[in-house]
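Predicted, not measured: the structure shown is a model, and the values here were computed from it.
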Amino acid sequence: MVKTYSSNFISTTIENHLKEGKYKEVITRFPPEPNGYLHIGHIRAITLDFEMAKLFNGKTNLRFDDTNPTKEDIEFVNSIKEDINWLGYKWDNLFWASNYFDELYNRAIILIKKGLAYVDDQSAEEISRTRGTLTEPGIESPFRNRSIEENLSLFERMKNKEFPEGSKVLRAKIDMASPNMNMRDPVIYRITYTSHHNTGDKWCIYPMYDFAHPLSDAIEGITHSLCSLEFEDHRPLYDWFVRECEMENTPTQIEFGKLYLSNTIISKRNLRKLVEEKYVDGWDDPRLATIRGLRRRGYSPEALKEFVFDTSVSKTNAVVDYQQLEHYIREDLKLSAPRTMAVLRPLKVIITNYPEGQVEYLDEPINKEVPEMGMRKIPFSREIYIEQDDFMEVPIPKYYRLYPGNEVRLANAYFIKCTDVIKDEKGNITEIHATYDPETKSGSGFTGRKVKGTIHWVDAKHNIPCEIRLYDHLTIENEETKDLPVFEKLNPNSLEILNGYVETDLKDVKPYDKFQFNRHGYFVVDPKDTKDNKIVFNRIVSLKSSFKI
RNA sequence: AGGACUAUAGCCAAGCGGUAAGGCAAUUGGCUCUGAACCAAUCAAUCGAGAGUUCGAAUCUCUCUAGUCCCGCCA
């Protein structure tokens, strides 16, 4: 069954448009600016753009909004494409806003000819100063009433590189007294002598977002232009440009709330700082909420998408608890990941009554939830490793695992009873001695007596040493602020590296293979790191709180 | 002379005039060869506040309050 959004205010709006005949088909677009890596916050926008179109058998374009050469880099283009593909989406067309520069220029001329745009010679600082404030109207530019002929000529000369950067802009002539700041004669073209990745040095004037975006949408025949809440105030301007530039198609802009995760760093600026100042391994560090990070962390696109689909779309910016995301990851892995025993912090146990030199192979279900996955054979002998915290010399109340005199089950094997605790001269526990009961073999149907605890183990001779990384999400104490001391509040325990053991049949493991290490949670084979030929496992997510001690 | 938007449990939310869905989290039991999973039960007597309209209001109206966004030649 293919999951998608259940109906939401966007889908019902689109449905109504179709019903009323406002549009005959649905075309959406995902319009990233190539100036950074995609992160979890983008997934809602991506899925909404693609899924809404899919719902109505429409199309979705990928359009790079590359109207500002000073901030953009082709480096990001490929990563964005890769991430969208990884999420499982295919765009119907790949477009660039920069491909519309000629058309946009001509539309600006239409505006000038209608007396709705003018060249302003004021400096950026003057324009800013005369824009007014939130509570006071702006002041009209002294250049606002230039003749159409003069504006036409000036604009052409701007294009012809006759004026220095910053000396002139083209502005829409709307209303300097509008309560909506966006309508106070917005700048629509600025002069920038920066080479553009696509158009090179052909242009020195570049259109602003507010002008380029609605017209690009109209040019492509976009019907529904989905964007985030902060663009609500831009909608009147969006409609104004589409109307006054006499575009044939009239797209509808619909705004939705963004999706944030609690205490998670998501802003491009802070993400970049983390990477550049080497707080993390790179853009794909498993602790980051970038799409690449989540991927390397072991999250699947399906889990991510289900999470986003089930987190209803509304007009509030939602801050969702991380545990909500983790729930979907566990749900996904529960039925797909093979189970295996692993010991992260080893403690040796010698089973004193087990014959020396004997090895037997026991059956272990690969995933009890999914019997079709079958069984595997695991070696068992006299010496094994168990988890350090599965033993307590002095048990606390309600501790069901191993302690002197207590009997527990070794999963898939036998009951063992702790007989001795061996320590070094410093008093540290070095090994445990235990006895086993052959009658209690797993699968034998033994019912003679019961034990309260079952613990996991790995054979001490037959195993694979590996490096295990326990990642936590890189969190900050409070919601992300604009101030940088944020980095002093980073979770210091975001990475713990352990050397442990896994079962022998994991030796042919491949990058991105996922497993459940029983109680320890779900793990993925890291695609990048191999330490001394050791397998490196990243913890994807832990199981839900295990011990209520 | 400010404007736009939002407000339903710890978090995300459905609801659109007929008497408060669901998910996450939490709590309590049960079960268990993973203290997981699973199963069962519990979890909104101010739906931001107040007033009004109505037989009936979370839903309509008014006023207020709180939060978010808007004063880039960024997107």
Check: Base, sugar-phosphate alone, or nothing: which one does A/Thr133 contact when heavy atoms must sit under 4.0 Å apart?
Finding: base
Note to self: Quick check on B/A75: is either OP1 or OP2 less than 4.0 Å from any side-chain nitrogen or oxygen of A/Thr67?
What the structure shows: yes
Margin query: Categorize A/Asn180 for me: base, sugar-phosphate, or nothing, with a 4.0 angstrom heavy-atom threshold over every strand shown.
Written below: nothing
Next item on the list: Name all residues meeting the side chain to side chain donor-acceptor pair (under 3.5 Å) criterion together with A/Glu136; count only those two or more places apart in sequence or in a different chain, and write none if there are none.
Entry: none
Margin query: Just to be sure I understand the rule, does A/Glu255 reach a base, reach only the sugar-phosphate, or reach nothing, if contact means heavy atoms closer than 4.0 Å?
Written below: nothing
Checklist line | Anti/syn call for B/G72, syn if |chi| within 90° | finding: syn
Margin query: In this structure, how many angstroms lie between the P atom of B/G72 and the NE2 atom of A/His234, rounded?
Written below: 12 Å
Throw together a table of side-chain donor-acceptor distances under 3.5 angstrom for residues 451-458 of chain A, partners on residues two or more places apart or in other chains.
{"residue": "A/Trp457", "atom": "NE1", "partner": "A/Ala411", "partner atom": "O", "Å": "2.8"}

Margin query: Strictly by salt bridge (Lys or Arg N to Asp or Glu O under 4.0 Å), give each pair with a member in residues 175-186 of chain A just once, sequence neighbours left out.
Written below: A/Arg144-A/Asp185
Item checked: Nearest-Å distance for atom pair CG/C1', residues A/Leu229 and B/U6 -> 8 Å
Next item on the list: Determine the contact category for A/Arg409: base if any of its heavy atoms lies under 4.0 Å from a base atom, sugar-phosphate if only primed atoms, P, OP1 or OP2 are that close, otherwise nothing.
Entry: base
Notebook entry, point to check: Start at the 5' end of RNA chain B and walk down; is the nucleotide closest to A/Phe517 or to A/Asp121 reached first?
Noted result: A/Phe517
Checklist line | A/Glu369 side-chain proximity, nearest of B/A37, B/C74, B/U68 | finding: B/A37
Item checked: A/Arg131 side chain near B/C70 phosphate (N/O to OP1/OP2, under 4.0 Å) -> no
Check: When you check the side-chain N and O atoms of A/Asn68 and A/Thr70, is any donor under 3.5 Å from an acceptor?
Finding: yes
Notebook entry, point to check: Mind checking what makes ring-ring contact (aromatic ring centres under 6.0 Å, His included) contact with A/Tyr189, not counting sequence neighbours?
Noted result: A/Phe155, A/Phe211
Notebook entry, point to check: Rounding to a whole Å, what distance do you find between A/Arg184:CZ and B/G2:P?
Noted result: 12 Å
Checklist line | For A/Glu33, all residues meeting salt bridge (Lys or Arg N to Asp or Glu O under 4.0 Å), sequence neighbours excluded | finding: none
Margin query: Under 4.0 Å, counting only non-hydrogen atoms across every strand here, what does A/Gln122 touch: a base, just sugar-phosphate, or nothing?
Written below: base
Item checked: Value rounded to 0.5 Å, distance of CG in A/Leu170 from OH in A/Tyr118 -> 9.5 Å
Notebook entry, point to check: NA contact type, A/Ala318, heavy-atom cut-off 4.0 Å: base, sugar-phosphate, or nothing?
Noted result: sugar-phosphate
Notebook entry, point to check: So, does the side chain of A/Asp310 form a donor-acceptor pair with the base of B/G23 at under 3.5 Å?
Noted result: no
Provide a list of protein-nucleic acid N or O atom pairs under 3.5 angstrom, restricted to nucleotides 61-64 of chain B.
none

Margin query: Below the 4.0 Å mark, does B/G72 have OP1 or OP2 next to a side-chain nitrogen or oxygen of A/Ser128?
Written below: yes
Next item on the list: Report which part of the nucleic acid A/Lys258 touches: base, sugar-phosphate, or nothing (heavy-atom distance under 4.0 Å, all strands).
Entry: nothing
Note to self: Counting only side-chain nitrogens and oxygens, does A/Lys315 get under 4.0 Å of the OP1 or OP2 atom of B/U68?
What the structure shows: no
Notebook entry, point to check: Base, sugar-phosphate, or nothing for A/Arg235, non-hydrogen atoms under 4.0 angstrom?
Noted result: nothing
Next item on the list: Return each pair, listed once, that meets salt bridge (Lys or Arg N to Asp or Glu O under 4.0 Å) where at least one residue sits in residues 251-268 of chain A; pairs must be two or more places apart or across chains.
Entry: A/Glu230-A/Lys258, A/Arg235-A/Glu255, A/Glu255-A/Lys315
Note to self: Just the rounded figure in Å: distance from C1' of B/C12 to CZ of A/Phe307.
What the structure shows: 9 Å
Next item on the list: Provide, to the nearest angstrom, the distance between the CZ atom belonging to A/Phe241 and the P atom belonging to B/A75.
Entry: 12 Å
Margin query: Just to be sure I understand the rule, does A/Leu325 reach a base, reach only the sugar-phosphate, or reach nothing, if contact means heavy atoms closer than 4.0 Å?
Written below: nothing
Check: Tell me, what's RNA chain B's dot-bracket, Watson-Crick or G-U with both distances under 3.5 Å, | for other-strand, [ ] crossing?
Finding: .(((((((.[[[..)..(...]]].(((((.......))))).....[[[[[..)....]]]]])))))).....
Checklist line | Partners meeting side chain to side chain donor-acceptor pair (under 3.5 Å) with A/Asp120 (sequence neighbours left out) | finding: A/Gln122, A/Ser141, A/Arg171
Next item on the list: Taking only the side-chain nitrogens and oxygens of A/Lys368, find out if one of them lies under 4.0 Å from OP1 or OP2 of B/A36.
Entry: no
Next item on the list: Using a heavy-atom cut-off of under 4.0 Å over every strand shown, decide if A/Gly443 touches base, sugar-phosphate, or nothing.
Entry: base
Item checked: CA sep, side-chain torsions, deciding dist, call: A/Phe256, A/Phe9, ring-ring contact (aromatic ring centres under 6.0 Å, His included) -> CA-CA 9 Å; A/Phe256 60 86; A/Phe9 78 96; 8.1 Å; no
Notebook entry, point to check: Looking at A/Thr316, does any N or O in its side chain come under 4.0 Å of the phosphate oxygens OP1/OP2 on B/A13?
Noted result: yes
Item checked: Minimum-distance nucleotide to A/Arg190 side chain [options: B/A1, B/C71, B/C73] -> B/C73
Next item on the list: Whole angstrom is fine here: how far is it from CD in A/Glu230 over to P in B/C5?
Entry: 16 Å
Next item on the list: State whether a side-chain donor-acceptor pair under 3.5 Å links A/His213 with A/Tyr238.
Entry: no
Item checked: Selected nucleotide, minimal atom distance to A/Asn68 side chain, candidates B/A75, B/C70, B/A25 -> B/A75
Check: Does OP1 or OP2 of B/C33 have a side-chain N or O of A/Ser442 closer than 4.0 Å?
Finding: no
Check: Starting at the 5' end of RNA chain B, which residue's closest nucleotide do you reach first, A/Glu331 or A/Thr70?
Finding: A/Glu331
Notebook entry, point to check: Is it true that the NZ or CZ of A/Lys441 lies under 6.0 Å from the centre of A/Tyr414's six-membered ring and within 45 degrees of the ring axis?
Noted result: no
Item checked: Residue list, ring-ring contact (aromatic ring centres under 6.0 Å, His included) with A/Tyr5, at least two apart or on another chain -> A/Phe309
Do any N or O atoms of the protein come closer than 3.5 Å to N or O atoms of nucleotides 9-11 of chain B, and which pairs are they?
{"residue": "B/C11", "atom": "O3'", "partner": "A/Val319", "partner atom": "O", "Å": "3.4"}
{"residue": "B/C11", "atom": "O2'", "partner": "A/Val319", "partner atom": "O", "Å": "3.0"}

Note to self: Students often get this wrong, so: under 4.0 angstrom with heavy atoms, is A/Met341 touching a base, only sugar-phosphate, or nothing?
What the structure shows: nothing
Notebook entry, point to check: When you measure from the side chain of A/His327, which nucleotide among B/A25, B/C73, B/C74 comes out closest?
Noted result: B/A25
Notebook entry, point to check: Taking atom C1' of B/C74 as reference, at what distance in whole Å does atom CG of A/Asn182 sit?
Noted result: 13 Å
Checklist line | Length of the line joining A/Phe256:CZ and B/U6:P, which is rounded to integer Å | finding: 16 Å
Margin query: Between A/Arg449 and A/Glu407, does the salt bridge (Lys or Arg N to Asp or Glu O under 4.0 Å) criterion hold? Intermediate values first, please.
Written below: CA-CA 10 Å; A/Arg449 56 189 187 279; A/Glu407 187 171 47; 2.8 Å; yes
Note to self: Using the side-chain heavy atoms of A/Glu232, tell me which of these nucleotides is nearest: B/G3, B/G72, B/A4.
What the structure shows: B/A4
Check: Taking only residues two or more places apart in sequence, or in another chain, which ones meet A/Glu162 in a side chain to side chain donor-acceptor pair (under 3.5 Å)?
Finding: A/Arg157
Next item on the list: Please work out if A/Val313 contacts a base, only the sugar-phosphate, or nothing of the nucleic acid, heavy-atom cut-off 4.0 Å.
Entry: sugar-phosphate
Notebook entry, point to check: When we call it a touch if two heavy atoms are under 4.0 Å apart, what does A/Phe231 touch: a base, just sugar-phosphate, or nothing?
Noted result: base
